[in-house]
A.B. asks: 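Sharing a structure below in structure tokens format, with a few things to ask.
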Amino acid sequence: MRVLLTGGAGFIGSHVADRLTADGHDVVLLDALLPQAHGPGAVPDGDHELVHGDVRDADLVRRLLSGVDEVCHQAAMVGHGVDPSDAPDYAAHNDLGTAVLLAQMHAAGVHRLVLAGSMVVYGEGRYDCPDHGVVRPGPRAFDDIDAGRYEPRCPECGKDLEPGLVPESAPVDPRSTYAATKLAQEHLASAWARQTGGTVWSLRYHNVYGPRMPRDTPYAGVASIFRSALERGEAPRVMEDGRQRRDFVHVSDVAAANAAALLADPEPTGFGAANVCSVEPHTIGDLAAELARAMGGPAPEITGGARPGDVRHVVADPSYAASRLGFRAATSFADGVTAFATDPLRSPVRATT
């Protein structure tokens, strides 16, 4: 199968490229090499064709789609959004780029897409109130955060809520510019599937970590930020009380999920979304402590506070991905974080045009 892989030189994209090639697919990579993700740079292992270009370039995309069977769309501007002034760039790269790609896929007669989605579309995860069952909390009050009360409260009675596993059917509630653009990507892709008879799998990645992560950038993931601090001999700084729960999934497992989605049967509507997670939730404090142990560094420092848009708990229900894609993560938290302590974090980019 010939696959066009956008964002193929990036952290996740490069691992997807390696996995698809190992599975026998013919892969052509397109990457704009955005500086937020490619300061030092990175390329996939092996002999991949890498084209330096922008997914918003309709003529280039049209040319690259010739002979392609499926598209794996990883290209995006990532991160929470450092400042609201970033919004036009997020919308241009993530949403306009996706719209251009979908239009050119239709023109070229390419009908299958795997989209890099994100758990950020959920906002907060699933919560249960002992009196009111499953409820949807609103944004946390600044007064509560300032006072060290971090757990979301029931909107009906004000009691602290119990976090649970968030399914794909949960209401969406994006709370950052990045999250809003990732949800818009799904809406564009879903509309395209209905209009064209195409098929889309959106893989809602949870907290991805592993080799080739970008480092020393405000757009980096928390694992990379903690590791950079430890390499400087500093304690990793953990916001809130460190007990906020996430699902840290190794990038090799994310690549495996993409490989599975390329071959999976479509949903009846043409669009399906699936959590890509480890099935082994941990707190952010756990991540900092495990990485400090693996690197022989100082214990984490709990700082309190929270950034605007931060959510308390997002832990995925893995059952749908297991049943529909046959995907189950293979890398344990302990093994993955121990390896991450010495994993390479980027190498120079090479591009051919």
A.B. asks: Checking side-chain contact (heavy atoms from CB on, under 4.5 Å) against F340, which of T342, D343, T338 comes through?
C.D. replies: D343

A.B. asks: Quick one: do L64 and L96 end up in the same hydrophobic cluster if we chain Ile, Leu, Val, Met, Phe, Trp and Tyr together by side-chain heavy atoms under 4.5 Å apart?
C.D. replies: no

A.B. asks: Which pair of heavy atoms, one from V166 and one from G125, lies closest together, and at what distance?
C.D. replies: CB-CA, 4.2 Å

A.B. asks: Looking at S118, S176, S202, which one forms a side-chain contact (heavy atoms from CB on, under 4.5 Å) with K182?
C.D. replies: S118

A.B. asks: Drop me the distance from L188's CG to T181's OG1, to the nearest 0.5 angstrom.
C.D. replies: 10.5 Å

A.B. asks: Between R63 and D59, is there a side-chain N and carboxylate O pair less than 4.0 Å apart?
C.D. replies: no

A.B. asks: Kindly indicate whether the side chain of P152, heavy atoms from C-beta on, has any atom under 4.5 Å from the side chain of E124.
C.D. replies: yes

A.B. asks: Do other residues, nucleotides or ligands put more than 12 heavy atoms under 6.0 Å from the NE2 atom of H106?
C.D. replies: no

A.B. asks: Ignoring hydrogens, what is the shortest heavy-atom contact between Y122 and E168? Give both atom names and the distance.
C.D. replies: OH-CA, 3.4 Å

A.B. asks: Closest approach of G8 and D31, non-hydrogen atoms and distance?
C.D. replies: N-OD2, 3.4 Å

A.B. asks: Under 4.0 Å between a side-chain nitrogen and a carboxylate oxygen: does that hold for R227 and E231?
C.D. replies: yes

A.B. asks: Any side-chain heavy atom of R149 within less than 4.5 Å of one from R140?
C.D. replies: no

A.B. asks: Has D310 got a side-chain atom pairing as donor or acceptor with R307's backbone, closer than 3.5 angstrom?
C.D. replies: yes

A.B. asks: Please name all residues satisfying side chain to side chain donor-acceptor pair (under 3.5 Å) with D26, sequence neighbours left out, ordered by chain then number.
C.D. replies: R2

A.B. asks: Please list all pairs passing the ring-ring contact (aromatic ring centres under 6.0 Å, His included) test where one or both residues lie in residues 247-292, with sequence neighbours left out.
C.D. replies: Y209-H250, H282-F333

A.B. asks: I'd like to check D128 versus V135 (side-chain heavy atoms, cut-off strictly below 4.5 Å). Are they in contact?
C.D. replies: no

A.B. asks: Within this structure, what is the CE-CD1 distance for the pair M239 and I302, rounded to the nearest 0.5 Å?
C.D. replies: 11.0 Å

A.B. asks: Under 4.0 Å between a Lys/Arg side-chain N and an Asp/Glu carboxylate O for R112 and D69?
C.D. replies: no

A.B. asks: Evaluate the side-chain proximity of P174 to V121: yes if any heavy-atom separation is below 4.5 Å, no if none is.
C.D. replies: no

A.B. asks: Can you see which heavy atom on V251 is nearest to which on P211, and at what distance?
C.D. replies: CG1-CD, 4.1 Å

A.B. asks: Does atom CZ (R243) have a neighbourhood of more than 12 heavy atoms from anything else shown, all under 6.0 Å?
C.D. replies: no

A.B. asks: W201 pairs by side-chain contact (heavy atoms from CB on, under 4.5 Å) with which of N258, L325, L113?
C.D. replies: L325

A.B. asks: Whether the side chain of T303 engages the backbone of R237 through a donor-acceptor N/O pair (distance < 3.5 Å, no angle test) should be reported.
C.D. replies: no

A.B. asks: Ignoring hydrogens and geometry, is there a side-chain-to-backbone donor-acceptor pair from E280 to S278 under 3.5 Å?
C.D. replies: no

A.B. asks: Under 4.5 Å between any side-chain heavy atoms of Y127 and R136, yes or no?
C.D. replies: no

A.B. asks: Salt-bridge test for E151 and R312: reply yes if a basic N is under 4.0 Å from a carboxylate O, no otherwise.
C.D. replies: yes

